[in-house]
2 protein chains.
Amino acid sequence: MVTKQIKDSPDDADLTRSDSLAREIFSEIANKWAFLIIESLGERTLRFSELRNKVEGISHKMLTQNLRMLERNGLVERKVHPTVPPRVEYTLTEAGRALRATVDGMCAWTQRYFGHIEASRHRFDA
Amino acid sequence: MVTKQIKDSPDDADLTRSDSLAREIFSEIANKWAFLIIESLGERTLRFSELRNKVEGISHKMLTQNLRMLERNGLVERKVHPTVPPRVEYTLTEAGRALRATVDGMCAWTQRYFGHIEASRHRFDA
DNA sequence: CCGAATCCACAACGATACTG
DNA sequence: CAGTATCGTTGTGGATTCGG
């Protein structure tokens with residue numbers, strides 16, 4: 001997908017259009033906070049403040065910003081309860097859960113190659 | 001992994017250490033250029049300039065910077081041919097190929113939910 | 001051809017303060 | 001509690017240049 005480049009089929013224009021759009025989507029979503037939020041959300045639905053605690057290190061601003069982005073792209077659903085104080089809950093959509101599966105893969109990968117990476121770093125830094 | 005937080009087993013310290021280190025690794029690698037490079041590399045080995053063409057939009061600087069990072073973490077191998085002009089080739093290591101599998105998953109995901117995302121964006125922007 | 005270093009514009013981010 | 005806006009700082013990334 002992202003790396004495809006030479007085509008000669010008649011529907012050239014459409015393919016390159018969807019291809020560049022795909023890359024744009026990819027670029028927007030492939031950032032660490034988005035992934036950490038998706039991971040944290042998991043199967044459950046969480047409030048803003050719960051997320052804030054769970055995704056440790058994230059600032060209020062980054063959290064809202066990324067949640068808006070994820071909502072816009074249809075990965076999370078935002079549910080506002082008009083109570084006082086307000087209560088806002090976030091849940092992964094089906095698309096979000098599908099993406100989470102691949103993010104889980106990355107997490108598993110990190111676990112698996114943990115030692116390899118540490119060793120490689122030491123070698124490199126010498 | 002990344003979202004785990006409460007533990008009470010005796011080896012607490014080790015777990016939280018490896019956990020935070022895992023998050024650090026995750027954060028370093030989860031950026032769009034790294035992913036696009038890994039995708040572009042695929043099974044083949046490519047020269048610097050070939051990568052530069054293939055990962056369209058990337059600058060000379062970002063490419064070297066990310067390649068160094070990936071090399072340091074043991075995801076790509078860098079092979080210098082001492083010819084003139086120099087010839088430098090990059091290849092995914094086994095760890096790199098394993099990660100590529102999950103990145104492929106993300107690409108497939110993008111293809112799959114392409115329409116869903118576009119639709120959601122339109123709804124949101126209105 | 002590849003890489004490192006410099007410079008600099010501008011985007012990202014954190015902190016803070018204010019609203020419903 | 002959740003969200004928006006503003007501001008000041010830091011950092012990111014492109015352009016360019018020089019060096020192997």
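Proteins come first, then strands; the chains are lettered A, B, ... in the order of their sequence lines, and each starts at number 1.
- Looking at residues two or more places apart in sequence or on another chain, you find a ring pair (Phe, Tyr, Trp, His ring centres under 6.0 Å) between A/H60 and A/F48.
- Counting heavy atoms from C-beta on, the side chains of A/L99 and B/M106 come closer than 4.5 Å.
- For the pair B/K79/B/T45, no side-chain contact is recorded, criterion being any heavy-atom separation below 4.5 Å from C-beta on.
- With hydrogens and angles ignored, the 3.5 Å screen pairs a side-chain donor or acceptor of B/W109 with a backbone N or O of A/A95.
- Rounded to whole Å, the distance from CD on B/E71 to P on C/dA4 is 10 Å.
- Distances shown here put every side-chain N or O of A/Y90 at or beyond 4.0 Å from the OP1 or OP2 atom of D/dC1.
- Phosphate contact (OP1/OP2 of C/dC2, side-chain N/O of B/R47, threshold under 4.0 Å): present.
- Following rounding to the nearest Å, A/L63 (CG) and C/dA15 (C1') show an atom-to-atom distance of 16 Å.
- Side-chain contact between A/R78 and A/V76 is absent, with no heavy atoms from C-beta onward closer than 4.5 Å.
- Among the candidates B/V55, B/L46, B/L75, the single residue satisfying the side chain to side chain contact (heavy atoms under 4.5 Å, CB included) test with B/L41 is B/L46.
- For B/N53 and C/dC2, the CG to C1' distance is 14 Å, given to the nearest whole Å.
- B/I37 places a side-chain heavy atom less than 4.5 Å from the side chain of B/I58.
- The phosphate of D/dA2 has neither OP1 nor OP2 within less than 4.0 Å of any side-chain N or O from A/R78.
- The overall bend of the helix from C/dC1-D/dG20 to C/dG20-D/dC1, read as the angle between its terminal helix axes built from five base pairs each, is 40° when rounded to 10 degrees.
- For A/E89 and D/dC1, the CD to P distance is 14 Å, given to the nearest whole Å.
- Rounded to whole Å, the distance from CG on A/N31 to C1' on C/dC13 is 13 Å.
- The shortest distance between side-chain heavy atoms of A/E28 and B/I117 does not fall below 4.5 Å.
- Side-chain atoms of A/E71 and A/Y90 include no donor-acceptor pair closer than 3.5 Å.
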Check: What is the per-nucleotide protein-contact pattern of nucleotides 4-20 of chain D, from the 5' end, where B denotes a base atom under 4.0 Å from a protein heavy atom, S denotes such proximity for sugar-phosphate atoms only, and - denotes neither?
Finding: B-BB-----BBB----B
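- The distance between atom CZ of A/R52 and atom C1' of C/dA15, rounded to the nearest whole Å, is 11 Å.
- Residue A/S49 places at least one side-chain N or O under 4.0 Å from the OP1 or OP2 atom of D/dA2.
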